[in-house]
Every structure is written in structure tokens, then in C-alpha cells.
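The structure appears below as C-alpha cells.
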Amino acid sequence: MNSKTIANGILRAVAILVGVVLFALFLYKIQSVLAYLAIAAVIALLGRPIVLFLRRRLKFPNTLAVVVTMVLMLSLFLGILALFIPLITEQGRNLSLLDIEDLKENINTLYLQTLEYFGATSGNVNELIEESHIEESMLKGLDLGFIPNFLNTFVNALSTFSVGLFSVLFISFFFLKDSKLLQNGLLVFVPDNKESNMVKSIDKINGLLSRYFAGILLQLFILFVIYTIALLIVGVENAIVIAFLCALFNIIPYVGPIIGGVIMITLTMTSFLGSDFSSVLLPKALYVFIGLVIGQLVDNFFSQPFIFSTSVKSHPLEIFLVIIIAGLLFGVVGMVIAVPGYTAIKVVLKEFLAENSFVKKLTKNL
């Protein structure tokens with residue numbers, strides 16, 4: 001092997017490395033587009049059975065069936081948003097009727113009771129605050145310039161949401177209209193002799209993810225029922241809307257249930273503002289907390305093992321590690337798409353690298 005061959009090998013390796021880095025940078029720059037494609041693919045996956053029903057049973061033309069399906073799904077989305085209007089109105093009314101002085105007195109009483117329980121005094125706490133310079137730090141950090149910044153952020157978020165919604169609807173329409181569109185697009189990047197493997201992978205992924213999303217819907221429905229029962233027993237107004245909102249947060253693994261629980265307890269307490277804290281607010285919040293615990297126990301020991309074992313064919317511990325890693329790398333979005341993405345990768349690996357010993361062990365349940 002001469003020096004020219006070695007130099008060519010080094011140059012080729014460097015070129016491949018640069019190409020990989022540039023491709024990764026390109027994917028990072030178009031991450032919003034990739035997110036739109038992923039969401040549209042999920043919508044197409046969920047809407048496909050409706051399109052097939054309209055075409056085969058009701059003899060709708062393909063385009064009309066897709067349009068009707070899109071209208072139904074968009075109406076469902078808007079209907080869900082409309083459910084939250086009474087909740088927002090009710091919470092606003094509760095806050096407008098709130099006696100601020102009475103609230104201050106309740107908070108002060110709770111504060112003194114807490115100090116007494118832990119054997120502390122208000123003087124000790126005040127001394128600790130002075131030594132830590134908390135008030136000084138808060139005043140230094142206070143910047144009223146956050147108000148225009150907040151408004152600008154809100155307007156930008158609204159415009160981004162509008163563009164994203166239009167993009168997702170547009171892409172979803174064509175995914176539903178031509179079920180092979182996404183498949184044909186992926187086949188462009190696959191060599192001719194590997195096209196059959198990719199087609200098998202796509203069919204397998206569609207089957208697994210269909211069962212996965214059906215399992216997610218079952219999981220959310222079970223939590224919704226448990227939360228609704230707990231809130232109705234306590235007597236919270238708009239119990240169905242609050243239960244739906246908090247169940248929906250369960251889509252975000254591990255973090256979502258905590259956020260949903262905090263929201264549920266907070267909305268429960270704000271629904272009874274003005275009532276006695278010790279005899280009304282605290283017991284009702286405790287009952288709701290018990291309902292949350294029951295819901296999470298059912299979810300962790302029944303719903304999630306059922307979904308992961310029967311739909312994506314993965315062990316719960318395996319899924320836990322994948323979700324944590326995806327969360328560290330890509331945040332909340334990574335945690336949401338971790339399981340579908342991991343399932344797709346496993347299917348592709350099994351189809352293209354079936355003889356590899358590591359892949360055999362990883363995909364033995366598929």
C-alpha cells in the first residue's frame with residue numbers, strides 16, 4: 001500500500017465525515033419541517049381508517065373522502081379547544097370575585113401554622129431571608145422590560161402556530177390522498193436492490209404504530225374516566241374539561257403527569273376560593289390527589305405495560321431509557337416522539353441488518 005492510496009483513503013474518510021456533519025446540520029436547520037412531516041404522518045395514520053370507510057362502504061371518491069376526513073378531524077380539534085372556554089371563563093370569574101384581604105389572611109394563617117408545625121418562628125425565617133439577601137436579589141432581577149418581550153413572544157408564537165397548523169393540514173391532505181406518497185418519497189433515498197426491504201419496513205412500522213397510537217388513546221381514556229370521577233365526587237365545576245386537559249398531559253412521559261396533577265389540584269382549589277381552607281380547600285385537594293395517585297397506579301401497572309408489550313414490542317425498562325435519552329437530547333419533543341422513532345429504527349435495523357448479532361438481540365420480539 002503506497003502513500004497515494006493512504007492519502008486517498010484519508011481524504012475519502014474526511015469527505016464522508018464532513019458530509020455526515022453537514023447532513024446533520026441540515027436536519028437541525030429544518031427540524032420544524034421534520035416536525036410538520038411527523039405530525040402529518042400521525043394524522044394520516046389516524047385518519048386513514050376513516051378514508052377507507054368512506055371509500056369502501058359509502059362509495060365516496062378518494063378526494064371527497066379525504067376532504068370529509070380532514071373536516072371531521074379539524075372539527076374535533078376545534079371542538080376540543082372550545083371546551084376550554086367555559087373553564088377559562090369560570091376561573092376568571094372566581095378570581096374576579098376573590099376577596100384579596102381574606103386571601104392574604106388565609107395565606108398568613110397557613111404560613112404561621114406551617115412554621116408552628118416545623119418548630120420555627122417568623123423571626124427565624126425573617127433573619128434567614130435577610131442573611132440570604134433574597135429580597136435584594138429579587139429586586140435586582142426585576143425588569144419591567146419583560147412585558148413587551150412577553151407580548152412579542154406571544155405574537156411570534158401565535159404566528160408560528162398558524163404557519164405550523166396550515167403546513168400540517170396541507171401535508172396531511174396529500175398523505176391521506178395518496179397513501180404511498182411518503183413511502184415513495186423515502187424510496188428515493190434507497191438503492192433499487194433494497195426497495196423491497198424498505199417497503200416491508202414501512203408496512204411493519206405502520207402496523208406497530210397504529211397499535212401504539214390506539215393504545216395511547218386507550219391510556220388517555222382510562223385516565224380521563226378516573227380523573228372525571230374524582231373531580232365529580234369532589235364537586236368541581238367543568239370536571240370533564242379539567243380531567244381531559246390533565247389526561248392529555250400524560251402524552252409527555254414522566255413529566256406530563258406531574259404537570260397535569262399540579263394543574264388539576266390548582267384548578268380544584270381555585271374553584272372553591274373564598275371557602276374555609278382547612279375544612280374545604282385542603283380536603284378537596286386531598287381527594288383529588290388520591291384520584292391522581294389511583295390514575296397513575298393504573299397507568300403505570302396496567303396501561304403502559306400493555307401498550308409497550310403488545311404494540312411496540314419493547315420492554316418497559318428499554319422504553320424508559322430511550323425516553324430519558326431522547327429527553328436529554330431533544331427536550332419535551334424528544335420524549336414525545338421517542339417511542340415511535342425508536343420503534344421505526346428497530347424495524348429498519350431488523351430489515352436491513354438482520355444478520356447482525358446485536359440487531360438480532362435488540363429486535364428478537366419484533
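Since we're looking at a predicted model, the values are computed, not measured.
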Checking V339 against I323 for the side chain to side chain contact (heavy atoms under 4.5 Å, CB included) test, could you report, in this order, the C-alpha distance in whole Å, the side-chain angles of both residues, the deciding distance, and whether it holds?
CA-CA 7 Å; V339 176; I323 291 173; 4.0 Å; yes
All N/O donor-acceptor pairs, side-chain side in residues 283-292, below 3.5 Å, sequence neighbours left out:
from, atom 1, to, atom 2, distance (Å)
K284, NZ, V234, O, 2.8

Throw together a table of side-chain donor-acceptor distances under 3.5 angstrom for residues 61-79, partners on residues two or more places apart or in other chains.
from, atom 1, to, atom 2, distance (Å)
N62, OD1, R55, NH1, 3.4
N62, ND2, K177, O, 2.9
T69, OG1, A65, O, 2.8
S75, OG, V71, O, 2.7

Do L169 and V33 belong together in a cluster built from hydrophobic side chains that touch within less than 4.5 Å?
yes
So which heavy atom on K59 is nearest to which on R56, and how close?
NZ-O, 3.4 Å
Distance from S201 atom OG to I345 atom CD1, nearest 0.5 Å?
12.5 Å
Got a sec, which pairs hit side-chain hydrogen bond (donor to acceptor under 3.5 Å, both in side chains) with one end in residues 218-227, sequence neighbours left out?
Q219-D299, Y227-Q296
Could you work out, with ring pair (Phe, Tyr, Trp, His ring centres under 6.0 Å) as the rule, every residue matching F320, not counting sequence neighbours?
Y254
Would L297 and I265 show up in the same hydrophobic cluster when neighbours are defined by side-chain heavy atoms closer than 4.5 Å?
yes
T228: side-chain contact (heavy atoms from CB on, under 4.5 Å) partners, not counting sequence neighbours
F224, L232, I240, A243
For P257 against I252, the heavy-atom pair lying closest together:
CD-O, 3.5 Å
same_hphob_cluster(I258, F249) at 4.5 Å side-chain heavy-atom cutoff
no
Quick check on the hydrophobic clustering: are I259 and L231 connected, directly or via other members, by side-chain heavy-atom contacts under 4.5 Å?
yes
Run the side chain to side chain contact (heavy atoms under 4.5 Å, CB included) check on T343 and I205 step by step: do they pass?
CA-CA 7 Å; T343 302; I205 291 170; 5.9 Å; no
Please tell me whether F174 and F60 are part of a single hydrophobic cluster in this structure, the criterion being side-chain heavy atoms less than 4.5 Å apart.
no
CD1 (I324) and CD1 (I319) are apart, to the nearest 0.5 Å, by 12.0 Å
Indicate every side-chain donor-acceptor pair of residues 36-54 with a distance under 3.5 Å to a residue at least two apart or in another chain.
from, atom 1, to, atom 2, distance (Å)
R48, NH1, L176, O, 2.8

